[in-house]
Amino acid sequence: MIGIVVVSHSHALATAAVGLAAEMVAADNRPVIAVAAGLDEKTFGTDAVAVSEAIAAADSADGVLVLVDLGSAVLSAELALEFVDPEVAARARLTSAPLVEGLVAAVVTASTGASLDAVAAEAERGLLGKQEHLGSGPTPEPAAAVESGQGIEVVVSNKHGLHARPAARLVGLVNGYDARVTVTNLDTGHGPVDAGSLSMVATLNAIRGNLLRFAADGPEADEALAAINDLATENFGDDEPARFPARLGAPVEGDNGGSGLDVAFGPAVLAGDPVDISRYVAGDNESARLAAAVETVADELRRLRDASPDLGGIFEAQLALLTDPQQLKEIREVLDRGASAVNVWQLVFDRLAERFEALHDAYQRERAQDVRAVRDRVLRHLTGTTEDSPIQVETEQPAILVVPELDAATAATLDGRRFAGVAIRAAGTTGHGVIVGRSRGIPLITGIGDVAVPAGAVIAFDARKGSFEIEPDVARVRATIAEREAEQERAAAEAQLPATTIDGRTVAVLVNIGTVQDALSVRGADGSGLVRTELLFGERRTAPTVAEQVEAFRAIAAALPGKPITIRTWDVGGDKPLPFLPLDEEANPFLGERGLRAFRRRPELLRDQLEAVRQIAAEMPVHVMFPMVTTADEVAWALDELGPRPDGLKVGIMIEVPAAALRVATLTADLDFVSIGTNDLTQYVTATDRTNPAVAALADGLDPAVLQLVDHVVRNAGVPVGVCGDLASNPQAAVILAALGVHELSAIAPQVPLVKARLREADLRLIDTAAVLAARDGDQVRALL
Ligand code: PEP
Ligand code: MG
């Protein structure tokens with residue numbers, strides 16, 4: 001491997017540039033880089049003798065490349081060649097490459113074992129990427145395209161695109177194969193360029209979401225393409241943890257979720273509550289105390305990682321936060337000046353959590369929870385307070401988990417054998433954590449607020465009545481549970497009966513599906529009114545193929561034989577990122593490129609999904625619907641993408657945007673049905689972000705403003721109207737929706753029999769819908785029932 005010398009007037013400049021370049025390649029693969037810079041660490045200047053020593057130090061049989069900064073640096077380097085052994089001088093090359101860009105390109109290329117000529121050429125092209133981006137300088141020559149026809153297409157999913165480090169990994173990998181590989185950015189039209197050249201890859205300006213095409217020929221073309229594909233699925237080596245909802249569909253083995261009741265009791269297990277650090281007394285050696293706590297926590301996290309492969313990524317990410325060397329070094333420096341370990345640790349991690357919370361990306365914001373989890377684990381060890389992690393907890397009787405908020409990942413994996421329920425301090429029922437938890441039948445109550453809950457105290461809640469008690473009368477709670485179980489059993493026994501009201505209206509009650517398990521566990525559903533495809537495939541880092549999608553839809557349909565299933569096309573965006581469809585960061589993602597909107601600029605994934613829908617529609621009754629529709633133009637575009645409809649395929653849209661609700665009559669000319677997504681409709685009508693617990697109390701699906709829009713849609717749609725938002729899972733609300741004339745309700749699996757039972761008991765003639773619509777707020781609507 002060739003060696004590299006950096007000659008600069010400034011020691012600080014040279015060492016910083018070397019630090020930056022060294023970052024690009026693994027330590028065990030780095031060329032020797034010697035620095036001859038400054039007359040000393042502080043004084044600017046260059047010294048020919050120092051340069052000659054650096055050249056001798058970096059010399060290798062393959063040669064040495066010398067990069068220089070300004071004016072006299074060139075002279076000193078030339079002079080230095082006079083001082084070194086003539087053999088060394090003969091294989092040393094001075095280059096006019098730009099210092100920073102050239103050094104980065106040189107280090108990356110040298111690390112692949114390239115020759116001195118190749119490294120020098122790469123270094124000299126170091127400015128190309130910047131020139132191309134800014135439209136200045138010469139236009140790079142495209143590489144002759146590889147014609148062999150072997151190629152792959154990959155999406156750049158790294159947050160910052162193919163920036164220097166991932167590009168360096170790509171180049172290093174490509175150069176390790178006996179193949180010629182070119183890459184083209186299909187979104188910008190740049191390329192093809194040589195994928196083994198860092199400066200050429202830089203000209204692609206490949207940002208997140210761009211589609212790249214790699215083509216290869218040569219003896220190892222297949223291997224090279226396969227390796228590139230793997231690298232791309234690993235975000236080109238960028239360390240982004242698996243995205244939500246990576247853990248959906250992977251609950252603990254043997255765990256069937258929860259009881260499906262809305263009442264529960266058990267000892268409280270607190271998670272996420274602040275650790276009391278007020279009694280901590282700082283000692284003489286806070287650094288050592290902290291180091292011991294960090295080590296213990298690191299052991300714990302490693303054990304958790306190894307014990308739970310499904311969750312491994314989370315604990316790995318927490319370990320990285322815990323053991324960040326730079327952060328630990330800074331903390332140690334402050335501790336050595338006499339600060340208290342708990343104060344410093346808390347401060348540093350609070351700041352870090354705030355930084356995560358300020359990010360635009362919903363997924364990244366959620367990572368603040370990991371930061372707080374790491375903060376609290378260490379604080380608990382420092383203060384000697386123990387709180388079992390919810391995943392580890394073992395209590396004699398099933399416990400109630402008390403949390404400030406419920407994230408979807410915890411909801412998806414909570415062990416229903418160990419937890420009787422979850423009490424959530426924040427209000428709101430339409431966050432995806434709550435939706436996932438309830439779909440699994442986990443009893444939940446939201447909005448318990450700041451009430452002080454002693455760890456281990458027996459607590460009980462009844463979500464139907466909105467009651468939450470500490471040290472309740474357990475006999476009474478058991479009696480309520482027995483009543484609800486009996487009610488549930490009755491409903492389950494009659495689940496197959498139609499939901500025909502006393503006044504003779506039959507309402508179809510279907511099930512919402514996020515995992516195949518939802519379809520397997522439901523009883524009495526008349527089909528599925530919503531298959532959330534983005535949850536079904538949310539753990540995938542690459543887009544599922546048409547065949548994979550057909551297979552998943554077939555599995556769902558097989559669990560609901562002969563009944564229609566309603567496949568919703570990818571509803572990406574807002575709080576639902578899809579790893580294989582990275583979206584741009586937006587200031588207001590719920591108001592941006594969500595749902596159908598996200599595909600107007602890149603319809604490929606939607607086309608694949610529609611192909612899967614057409615294929616499955618040939619086998620069984622299938623409906624398809626498009627989310628987040630606003631205009632008639634969007635409907636026309638979606639129908640155009642769908643193309644000719646196979647017989648029996650019913651096509652609809654979701655009504656989630658107030659504008660779509662108000663002008664529904666103009667949207668439905670070519671549709672078979674509409675389905676109201678009350679979760680989003682409520683968020684948009686009441687201007688309350690569904691992920692923000694601070695405003696969750698305002699996001700009431702029974703707000704008369706929402707119900708007025710439902711009423712308007714029923715009267716004006718001209719096609720059957722369904723509701724598949726959270727409201728349809730609430731038996732009380734289901735009766736109102738039926739009274740307003742909604743034809744079809746789609747509820748979470750555990751609620752289907754209960755919704756049907758409640759409808760069978762209802763006489764819709766007795767519901768004063770005019771009073772409901774004229775009510776002042778959701779509470780008044782509830783009181784009217
Ligand atoms: C809705 O918005 O009501 C809906 C059903 O869609 P999601 O909750 O998946 O956004
Ligand atoms: Mg929605």
Side-chain angles (χ1 to χ4, degrees), residues 244-245 248 362 406 408 411-412 428-439 509-515 518 527-538 565-578 583 589-599 623-630 634 652-661 673-692 696 699-703 705-707 709-710 713 721-730 733-734 737 742 744-749 751-752 755:
F244 166 82
L248 295 190
L406 182 64
T429 55
T430 55
H432 283 102
V434 174
I435 290 178
V436 170
R438 290 179 61 209
S439 305
V509 181
L510 303 94
V511 62
N512 287 352
I513 286 175
T515 64
D518 291 334
S528 169
L530 168 64
V531 177
R532 285 184 166 103
T533 52
E534 66 286 344
L535 294 192
L536 203 56
F537 293 102
I565 61 167
T566 309
I567 297 166
R568 174 172 75 181
T569 59
W570 305 119
D571 187 18
V572 62
D575 61 342
K576 285 184 285 191
L578 266 184
L583 299 176
F590 278 110
L591 301 181
E593 287 194 303
R594 277 193 70 188
L596 188 66
R597 299 172 183 184
F599 296 91
H623 305 170
V624 64
M625 67 180 176
F626 299 94
M628 275 297 290
V629 170
T630 310
E634 287 175 346
I653 56 169
M654 290 192 69
I655 301 291
E656 301 177 279
V657 179
F673 68 96
V674 296
S675 181
I676 305 177
T678 47
N679 302 334
D680 277 312
L681 188 62
T682 304
Q683 119 165 304
Y684 296 126
V685 172
T686 59
T688 48
D689 177 341
R690 66 194 271 189
T691 64
N692 184 346
D700 185 349
L702 282 176
D703 187 314
V706 178
L707 298 177
L709 284 179
V710 172
V713 172
V721 175
V723 169
C724 62
D726 183 59
L727 215 49
S729 298
N730 171 343
L737 294 170
V742 169
E744 223 177 71
L745 300 168
S746 195
I748 57 174
Q751 291 296 102
V752 167
V755 167

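In listed order, ligands and their atoms are each counted from 1.
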Heavy-atom closest pair, residues Val723 and Thr678: CG1-CG2, 3.9 Å
OG (Ser528) and CD1 (Ile513) are apart, to the nearest 0.5 Å, by 4.0 Å
Is it the side chain, the backbone, both or neither of Leu681 that has a heavy atom closer than 4.0 Å to ligand 1? neither
So for Gln683 against ligand 1, with non-hydrogen atoms under 4.0 Å, the contacting part is neither
Determine which of the N, O or S atoms in Asp680 is closest to the Mg ion (ligand 2) and give its atom name. OD2
In ligand 1, which numbered atoms sit nearer than 4.0 Å to a non-hydrogen atom of Leu530? 5 (C)
Sub-3.5 Å donor-acceptor pair from the side chain of Arg597 to the main-chain atoms of Gly592, do we have one? yes
Charged N to carboxylate O under 4.0 angstrom, Arg690 versus Asp680? yes
What N, O or S atom of Glu656 is found closest to the Mg ion (ligand 2)? OE2
Looking only at atom types and distance, does a side-chain atom of Thr688 sit under 3.5 Å from a main-chain N or O of Ala696, one as donor and one as acceptor? no
The answer for which part of Arg690 has a heavy atom under 4.0 Å from ligand 1 is side chain
To atom 2 (O) of ligand 1, the nearest of Glu656, Arg594, Arg568, Met628 on a heavy-atom basis is Glu656
Number the atoms of ligand 1 from 1 as they appear, then name those within less than 4.0 Å of a heavy atom of Gly677, with their elements. 1 (C), 2 (O), 3 (O)
Are any of the N or O atoms of Glu534 closer than 3.5 Å to those of ligand 1? no
Of all the atoms in ligand 1, which lie at a distance below 4.0 Å from a heavy atom belonging to Arg532? 4 (C), 5 (C), 6 (O), 7 (P), 8 (O), 9 (O)
Indicate yes or no for a side-chain donor-acceptor contact from Ser729 to the backbone of Gln751 under 3.5 Å, with no hydrogens or angles considered. no
Donor-acceptor check, side chain of Tyr684 to backbone of Phe590, threshold 3.5 angstrom: yes or no? yes
Logged contact type for Asp726 with ligand 1, heavy-atom cut-off 4.0 Å, is neither
For the atom pair CD (Glu656) and OG1 (Thr682), what is the distance rounded to the nearest 0.5 Å? 10.5 Å
Sub-4.0 Å heavy-atom approach of Met654 to ligand 1: yes
Which of the atoms of ligand 1 are close to Asp571, meaning less than 4.0 Å from one of its heavy atoms? 10 (O)
Quick check on contacts: which atoms of ligand 1 are under 4.0 angstrom from a heavy atom of Gly725? 3 (O), 5 (C)
Closest non-hydrogen atom pair between Pro658 and Leu681, with its separation: N-CD1, 3.9 Å
